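Below you'll find the structure, written out as C-alpha cells, and then a few comments.
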Number of protein chains: 2
Amino acid sequence: MLTTFGEYIRKHRAEKGLTLTQLAAKIGMDSANLSKIENGRRSFDEKRLKSLSQALEIDIEEIKMEYFSDLFAHKLYHSNCSSETLVLAEKKVKYLAQKSAKQGKITF
Amino acid sequence: MLTTFGEYIRKHRAEKGLTLTQLAAKIGMDSANLSKIENGRRSFDEKRLKSLSQALEIDIEEIKMEYFSDLFAHKLYHSNCSSETLVLAEKKVKYLAQKSAKQGKITF
DNA sequence: TTTGACTTGTCAATATTGTACAAGTGTAAA
DNA sequence: TTTACACTTGTACAATATTGACAAGTCAAA
C-alpha cells in the first residue's frame, strides 16, 4: 500500500491499537508533535527511526525505506524535477561506492 | 559523465575558464566556501541554483537534476538503504501528485 | 457534561547551516 | 628570492530551521 510516511505511521499505530499518546511515549516525544507528523505538517526526525521500528515492531530496513522514499518524493515533487533524477541518483550511489572503495585502497 | 555535484561545478567552471573567485562573485558567495563545495566538504545552497545556472550558462533543469540526484545519492549511501528506495520514491511522487489533484477538486 | 483521542498554534530552546575572514599551501612568472 | 594568484582549510559568528513543550481547542462516545 502506498502512503506518505505520516500515513504509514498512523496505519501501523492503528494496527497495534495504540493511541497517539501511547506511541509518542514509547518513542519519547510529545503526542501533539506526533499528530503533526502523521498529518504531514512536520517531519519525522531520522534519529528516532530505530525507536519507531521497535515500538511498532517493524523491520528497520522497511521503515528506512518508507522514510527516505517519502523524503525524496516530497523533494522531487516540490522542486518539479523530472523523475529521471532518481535514475541518476541510483547511478551516483554506485559511483560513490566505487569512489570510496578506491580511496580505501589508497590509504593502504 | 558521472560526477558529484561539486565535481560537476568544477568541471563547468573550468570549461568557462573561470577562477573560483570569479564564479563565486557571480553567484554572490565567498570563494573559500565555493572551494569547499567543489571539494564536497560542504553542501550547495538550493537557493543559489538559479544563479549558478545563469553563471555557468547551463539549463536550470539539468542543474536541478544534478543537484537533487547528488543529494539523494548521498543520503542513500550514508543511510545504507536499498536502492529499491528510489523505486518507491518514484511511485510516491505519483501518489502525491494524484493526492493533490484530488484535494484540488474538493476545494472547488 | 465528562472523558479521552486527536488537532492546532505558538514560542523559546536547540541544532543546523551559511558567511566571512584569516592564514595557510603550491606554483609559476619576474 | 619574492611577488602574485589560485586554491584550500580552520574557525568563529550570524542567520535559519527544527524541535520540544504546552495551552487551548474540536469532536465523538459514554
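Since this is a predicted model, take the numbers as computed values, not measurements. Here is how names work: the chains are called A, B, and so on, in the same order as the sequence lines, proteins then strands, and each is numbered from 1.
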Whole angstroms only, please: what is the [atom1]-[atom2] distance between [X] and [N]?
| X | N | atom1 | atom2 | value |
| --- | --- | --- | --- | --- |
| A/Leu34 | D/dA21 | CG | P | 14 Å |
| B/Leu52 | C/dG18 | CG | P | 15 Å |
| B/Asp30 | D/dT9 | CG | P | 15 Å |
| A/Leu18 | C/dG4 | CG | P | 17 Å |
| A/Leu20 | D/dC27 | CG | P | 17 Å |
| B/Leu23 | D/dT8 | CG | P | 13 Å |
| B/Met29 | C/dA20 | CE | P | 9 Å |

Please check if [X] and [Y] belong to a single hydrophobic cluster, counting links between Ile, Leu, Val, Met, Phe, Trp and Tyr side chain heavy atoms closer than 4.5 Å.
| X | Y | answer |
| --- | --- | --- |
| B/Leu88 | A/Tyr77 | no |
| B/Leu49 | B/Leu56 | yes |
| B/Met65 | B/Tyr8 | no |

### Task
Give a yes/no answer on whether the side chain of A/Arg10 brings an N or O atom under 4.0 Å of OP1 or OP2 in C/dA5.
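Checking C/dA5 against A/Arg10, no side-chain N or O comes under 4.0 Å of OP1 or OP2.
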
### salt_bridge(B/Glu7, B/Arg10) N-O dist < 4.0 Å
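Salt bridge: no.
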
Enumerate, atom names and distances included, each donor-acceptor pair closer than 3.5 Å involving a side-chain atom of residues 23-32 of chain A, sequence neighbours excluded.
residue: A/Asp30; atom: OD2; partner: A/Ala32; partner atom: N; Å: 3.2
residue: A/Asp30; atom: OD2; partner: A/Asn33; partner atom: N; Å: 3.4

### Task
Test B/Leu52 against every option in B/Ile60, B/Leu34, B/Ile63 by the side chain to side chain contact (heavy atoms under 4.5 Å, CB included) rule and name the one that passes.
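That would be B/Ile63; it is the only one of B/Ile60, B/Leu34, B/Ile63 passing the side chain to side chain contact (heavy atoms under 4.5 Å, CB included) with B/Leu52.
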
Strictly under 3.5 Å: I want the nitrogen or oxygen pairs between protein and nucleotides 28-30 of chain C, one per line.
none

### Flag if over 12 foreign heavy atoms under 6.0 Å of CD, A/Glu61
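Yes, enclosed.
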
### Worked check of side-chain contact (heavy atoms from CB on, under 4.5 Å) between A/Lys92 and B/His74
CA-CA 8 Å; A/Lys92 288 195 179 188; B/His74 278 89; over 6 Å; no

### Message
From C-beta outward on A/Thr19, which listed nucleotide comes closest to its side chain: C/dA5, C/dG18, D/dC7?
### Response
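Shortest atom-to-atom distance from the side chain points to C/dA5.
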
### Query
Looking at residues 35-47 of chain A, who's got a heavy atom less than 4.0 Å off DNA chain D?
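By residue number: A/Lys36, A/Arg42, A/Ser43, A/Asp45.
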
### Task
By nearest nucleotide on DNA chain C, pick out whichever of A/Ala32 and B/Asn33 is the more 5' one.
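Looking at DNA chain C, the more 5' nearest nucleotide goes with A/Ala32.
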
### Message
side-chain contact (heavy atoms from CB on, under 4.5 Å), that's the test. Do B/Lys99 and A/Thr4 meet it? Break it down for me.
### Response
CA-CA 10 Å; B/Lys99 205 176 163 187; A/Thr4 65; 3.7 Å; yes

